[in-house]
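Only one structure is covered here, and it is reproduced in the block below.
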Protein chains: 2
Amino acid sequence: MAKRSGSSRVTIRDVARVAGVGVATVSRVLNGDPAVAAATRERVHAVMAQLGYQPLRTARALSRRRTDALLVVLPLLTRFFYVEILRGIEEALLETNYAFILRTLERPADGSRAIASVRRDLVDGALLVSMAVTPVWLARLERERLPAVVADADPAVPLSRIVVDHAEGARLAVTHLARLGHQRIAVIDRPDDPFAEKRISRRLLGYRQALQELGLELRAEYERVTPFSVEGGITGLHSLMQLPVPPTAIFVGSDTQAWGVLRAARQLGLDVPRDLAVVGYHDIEIAELLGLTTVRVPMRAIGRRAAQLLLEHLSGRLAPGELAVEWVTPELVVRRSCGAQGTDAGVESASE
Amino acid sequence: MAKRSGSSRVTIRDVARVAGVGVATVSRVLNGDPAVAAATRERVHAVMAQLGYQPLRTARALSRRRTDALLVVLPLLTRFFYVEILRGIEEALLETNYAFILRTLERPADGSRAIASVRRDLVDGALLVSMAVTPVWLARLERERLPAVVADADPAVPLSRIVVDHAEGARLAVTHLARLGHQRIAVIDRPDDPFAEKRISRRLLGYRQALQELGLELRAEYERVTPFSVEGGITGLHSLMQLPVPPTAIFVGSDTQAWGVLRAARQLGLDVPRDLAVVGYHDIEIAELLGLTTVRVPMRAIGRRAAQLLLEHLSGRLAPGELAVEWVTPELVVRRSCGAQGTDAGVESASE
DNA sequence: TTCGTCAAGTAAAACGTTTCGGAAGTTCCC
DNA sequence: GGGAACTTCCGAAACGTTTTACTTGACGAA
């Protein structure tokens, strides 16, 4: 005979009493069950409005076995890139009544922490951004029976995913440079996975393929993989320019590194784009300010689409086993750093 | 006689049965109630481990009337500043088992959307970042009886808060410039509230006060408030330089605008710091790259501390009515753009 | 009329916790 | 030895939904 504190919350029972129906009927109205007469439905609605009734989320969650919340995991929140994806996700979720719980990864080791949030009783689904989805993750998702979507995924991940065609992005950049007359085109790429510096990236493959298609020589010494930072760009350029036959154009795997390249070029007394053409990647905030020609990756759209895909899984429109794969193609944004527009002057760079 | 699907979840009842105790005892063990004998406690723990039992969050939430989740509301996620605060919040929450639900504000109108998340049955508390806390918000928080903390708050908000001493920050910058010999120090500030361009900021007040303390002339035409963007900095500098007696030093209310100032200076053929000394504000990512002297606002610390304050409210260590106020003081970071280090060359700027 | 069918609604059983109100045992005090 | 006072544990009542299984009444068909 335990009685809790006599709080004054309006419950579904109150609504039922006032409306003169059973609680089940109110619940049906709440959930849009068609098996309730229009007249009754309206009466119930009226009473709910009158009493200011709002179903208790926690009670619903327990009973329905779903939380109406999603998990979003993304690395390195600092980077503009990921923040934009997050906004896209948020946009897609705005109209729904899903909330989302955020977990950011700062180092790979954080993954073990984030994985603890993969729980059926915490969220209804997971949205993984730019992550190396390890077997541990897959097993956990499987065990918890959580639908998941990966945004900006490795093409091979066995989950629903949005894949960016980075090879095509590289091809766009390289082809553009070749059209401008460049024969010696180098590449400074970032590690493909933010945390795994091993694998060679699809971007790099696209670069090679484009050179071959264009009938240009493939030189191993023109390929550099440096850290995903401004410094990474600086060291990359320095090492390229020490070559006996330095390149005249560089495709850089991130705008962040490209900024470093611009700075280093200035430091070396090179004029961009006259002495050196540069094309970046991503089209982050600063690219426009720098006058940087770059390959735009539609970040918001990726986030939005990934969220929509997850919603489709949750609504059952996509069967649990059914995997959806969508490809997204980047596009070239021409500014001054490649030399196609304007002349020699006009590109941001820096002395040191 | 309704029987639900026969899922195989391990419940507290199973644990009780195997351990040979009542469910209440298991619950007590779970919640660290001291009124349970050590031997029993250990036995229960062993059984829990053996069965792999994990209490269902949703069931706990319903029964305890708390969700173990917090609400974080912050504007303009794009800005480095806010992202850093978010990371601080996350850091503080990492050790706890609180999750957080994120709501970002892109325009002031979004507030009405975000406020819908202020619900007792969704979260246990709210963390408001850099927001103009309107009466609507206060009323809602009050109605839902949600403890709240404001990070980077207006000093007058009647909630627990972390207040940044922007007046002191401005004083640091101006004093530094004066010590370097500058007499004509102008200011380009950003609007105080991201969305309300009305009020004059505490930063501006600090600027004025510092000039007075230093015995320098206060000139109305040396004060500019421009948009919180690179362009804002550009237009600000242009208009200042058209004055009959232009300033020799400028304190800028955000690094973002300061970047614009540097670009515009270059465009005007001014050498920084020789012809013009510049001090920014915030110390965001790019400040170091730009060689920008700036006032560092400890963003992570603000986020972390705000979260800790909220946790204290939730744990009851801070009474519901009791308001905690903590001040945070910025510090000066000297780089090249003010002329205190090195000489004329060396500051990033850009042609157009 | 009688039966079956269907629509609309009801009462009560889950969902898996926490916690209330006791109830056994112990220990201790007079 | 008879409570009183603890300690330690138990059964069952909340918490506020959803959903199951059933009832009631209306309507047609036979």
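For clarity, every value in this text was computed on a predicted model and none was experimentally measured. Values below: every heavy atom of this structure, side chains too, minus hydrogens, waters and symmetry copies. Numbered from 1 within each chain, the chains take letters A, B, ... in sequence-line order.
- Taking B:Thr11 as the reference, nothing meets the side-chain hydrogen bond (donor to acceptor under 3.5 Å, both in side chains) condition, with sequence neighbours excluded.
- Note on the helix from C:dT1-D:dA30 to C:dC30-D:dG1: angle between the axes of the first and last five pairs equals 60°, rounded to 10 degrees.
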Under 3.5 Å donor-acceptor pairs involving side-chain atoms of residues 318-328 of chain B, not counting sequence neighbours:
residue  : atom : partner  : partner atom : Å
B:Glu322 : OE1  : B:Ala319 : N            : 3.1
B:Glu326 : OE1  : B:Arg305 : NE           : 2.9
B:Glu326 : OE2  : B:Arg305 : NE           : 3.3
B:Glu326 : OE2  : B:Arg305 : NH2          : 2.8

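- Nucleic acid contact class of B:Ile12 (heavy atoms, under 4.0 Å, all strands): base.
- In this structure, OH of B:Tyr53 is placed 10 Å from P of C:dG16, rounded to the nearest angstrom.
- Every residue was checked against the salt bridge (Lys or Arg N to Asp or Glu O under 4.0 Å) condition with B:Arg57, not counting sequence neighbours, and none meets it.
- Rounded to whole Å, atom C1' of D:dT17 lies 17 Å from atom CG of B:Leu122.
- Rounded to whole Å, the distance from CZ on A:Arg66 to P on D:dT18 is 11 Å.
- Within the structure, salt bridge (Lys or Arg N to Asp or Glu O under 4.0 Å) pairs that include any residue of residues 32-42 of chain B comprise B:Arg28-B:Asp33 (at least two apart or interchain).
- Atom CG of A:Leu105 and atom OG of A:Ser130 lie 11.0 Å apart (nearest 0.5 Å).
- OP1 or OP2 of D:dT18 lies within a sub-4.0 Å distance of a side-chain N or O belonging to A:Ser27.
- Among residues two or more places apart in sequence or in another chain, the side-chain hydrogen bond (donor to acceptor under 3.5 Å, both in side chains) test is passed with B:Arg317 by B:Ser315.
- Residue B:Arg120 contributes atom CZ, which lies 15 Å from atom C1' of D:dC15 at whole-angstrom precision.
- Between the CZ atom of B:Arg65 and the P atom of D:dA14 there is a distance of 12 Å, rounded to whole Å.
- Candidate nucleotides C:dT18, C:dT17, D:dT18 were compared by shortest atom distance to the side chain of B:Ala59, and C:dT17 ranks first.
- For A:Arg60, there are no salt bridge (Lys or Arg N to Asp or Glu O under 4.0 Å) partners two or more places apart in sequence or in a different chain.
- Here the straight-line distance linking atom CG of A:Leu70 with atom CG of A:Leu102 works out to 12.0 Å at 0.5 Å rounding.
- Following rounding to the nearest Å, B:Gln54 (CD) and C:dG16 (P) show an atom-to-atom distance of 14 Å.
- Atom-to-atom, CZ of B:Arg60 to C1' of D:dG16 comes out at 18 Å; the value is rounded to the nearest Å.
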Report all interatomic pairs (protein N or O, nucleotide N or O of nucleotides 7-10 of chain C) with separations under 3.5 Å.
residue : atom : partner : partner atom : Å
C:dG9   : OP1  : A:Thr40 : OG1          : 2.3
C:dG9   : OP2  : A:Ala37 : N            : 3.4
C:dT10  : OP1  : A:Gly22 : N            : 3.4
C:dT10  : OP2  : A:Gly22 : N            : 2.2
C:dT10  : OP2  : A:Thr25 : OG1          : 3.2
C:dT10  : O4   : A:Arg28 : NH2          : 2.9

Polar pairs (N or O, both sides) under 3.5 Å between protein and nucleotides 22-27 of chain D?
none

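- Every pair passing side-chain hydrogen bond (donor to acceptor under 3.5 Å, both in side chains) that includes a residue from residues 14-26 of chain A is listed here, sequence neighbours excluded: A:Asp14-A:Arg17.
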Using a 3.5 Å cut-off and no angle test, enumerate the donor-acceptor pairs between side-chain atoms of residues 137-144 of chain A and protein atoms at least two apart in sequence or in another chain.
residue  : atom : partner  : partner atom : Å
A:Arg140 : NE   : A:Val118 : O            : 3.1
A:Arg140 : NH2  : A:Val118 : O            : 3.2
A:Glu144 : OE1  : A:Arg120 : N            : 2.9

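- Atoms CG (B:Leu62) and P (C:dA14) sit 17 Å apart, rounded to a whole Å.
- By the side-chain hydrogen bond (donor to acceptor under 3.5 Å, both in side chains) test, A:Tyr53 is found to be paired with no residue, residues two or more places apart in sequence or in another chain being considered.
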